[in-house]
Amino acid sequence: MANTGPASSSGQLTRSAKVVPLPARAPERLVAVGFRCWLAGLSTGDIKCWEDAWNTFSGMLGPENAKTLLLDLSKFVRAVKANAQRDIEISPVGCRSFCRDECLAISIIAACQHDERQALTASAAALIGSDDIGDTLNGAQALAAALRKTNQMLCAESICPATCALRASRRRLM
């Protein structure tokens with residue numbers, strides 16, 4: 001029987017109560033599947049993980065766009081991994097749902113594209129477990145811009161509801 005629970009960035013399988021179905025929209029799938037595959041590749045050194053990311057991106061966008069986007073995805077994922085103060089969870093490659101951390105990666109990129117700064121900082125801090133998010137934000141902004149150039153706009157609804165609620169509560173306090 002195959003494992004379907006999320007794995008930490010150290011490769012250990014962990015259980016998560018929050019697993020959501022794969023979004024049907026291509027931009028959100030690109031971000032989460034790319035994040036999953038690239039982080040798995042960095043954690044295991046298995047080139048097949050990076051090949052899976054390449055196949056997903058090039059199959060949806062063509063080889064030239066895939067090359068550019070994967071460079072920016074790599075910078076984003078490396079920044080997350082380098083700055084994370086906790087294990088980042090990912091679902092196994094091929095899993096048909098996304099875990100919390102993959103959803104946070106989607107939220108970060110969507111918040112960049114929609115200029116939702118409070119949601120962006122809250123999602124990034126939640127993902128890496130620290131308020132020191134500068135490098136992560138730089139990587140996220142580059143990926144968000146590259147996705148925008150290829151007409152891959154994530155929808156505003158992809159911003160994590162928890163960060164939206166935080167933003168709304170801050171507005172009420174002002």
Next item on the list: Return the minimal non-hydrogen interatomic distance between Phe76 and Thr136, and the atom names on each side.
Entry: CD1-O, 3.9 Å

Item checked: Backbone of Val93 reached by a side-chain donor or acceptor of Arg36 within 3.5 Å -> no

Checklist line | Heavy-atom pair of closest approach, residues Ala110 and Ser158 | finding: CB-CB, 4.0 Å

Next item on the list: Indicate yes or no: does Glu51 engage Lys48 in a salt bridge with an N to O separation below 4.0 Å.
Entry: no

Note to self: Is it the case that the side chain of Ser58 and the backbone of Trp54 share a donor-acceptor pair, with hydrogens and angles ignored and the cut-off at 3.5 Å?
What the structure shows: yes

Check: Just how far is it from atom CG of Asp101 to atom CZ of Phe35, taken to the nearest 0.5 Å?
Finding: 6.5 Å

Margin query: Under 4.5 Å between side-chain heavy atoms, counting indirect links through other Ile/Leu/Val/Met/Phe/Trp/Tyr residues: same cluster for Leu70 and Ile47 or not?
Written below: yes

Please set out all donor-acceptor pairs under 3.5 angstrom arising from side-chain atoms of residues 141-153, sequence neighbours excluded.
residue: Arg148; atom: NH2; partner: Gln113; partner atom: O; Å: 3.1
residue: Thr150; atom: OG1; partner: Leu147; partner atom: O; Å: 2.9

Item checked: Any donor-acceptor N/O pair, Gln85 side chain to Asn83 backbone, under 3.5 Å -> yes

Next item on the list: Supply the atom-to-atom distance Asp131 CG to Thr121 OG1, rounded to the nearest 0.5 angstrom.
Entry: 8.5 Å

Next item on the list: Report yes or no: does Ser123 contribute a side-chain atom to a donor-acceptor pair with the main-chain N or O of Leu120 at less than 3.5 Å?
Entry: no

Next item on the list: Please report the closest heavy-atom contact between Ile106 and Ala32, naming both atoms and the distance.
Entry: CD1-CB, 3.6 Å

Notebook entry, point to check: Looking only at atom types and distance, does a side-chain atom of His114 sit under 3.5 Å from a main-chain N or O of Leu154, one as donor and one as acceptor?
Noted result: yes

Going by atom type alone, with no hydrogens or angles, which donor-acceptor pairs under 3.5 Å involve a side-chain atom of residues 59-68 and a protein atom two or more places apart or on another chain?
residue: Asn65; atom: ND2; partner: Leu61; partner atom: O; Å: 3.2
residue: Thr68; atom: OG1; partner: Glu64; partner atom: O; Å: 3.4

Item checked: Minimum heavy-atom distance Asp52-Cys37, with the two atoms named -> CB-SG, 3.8 Å

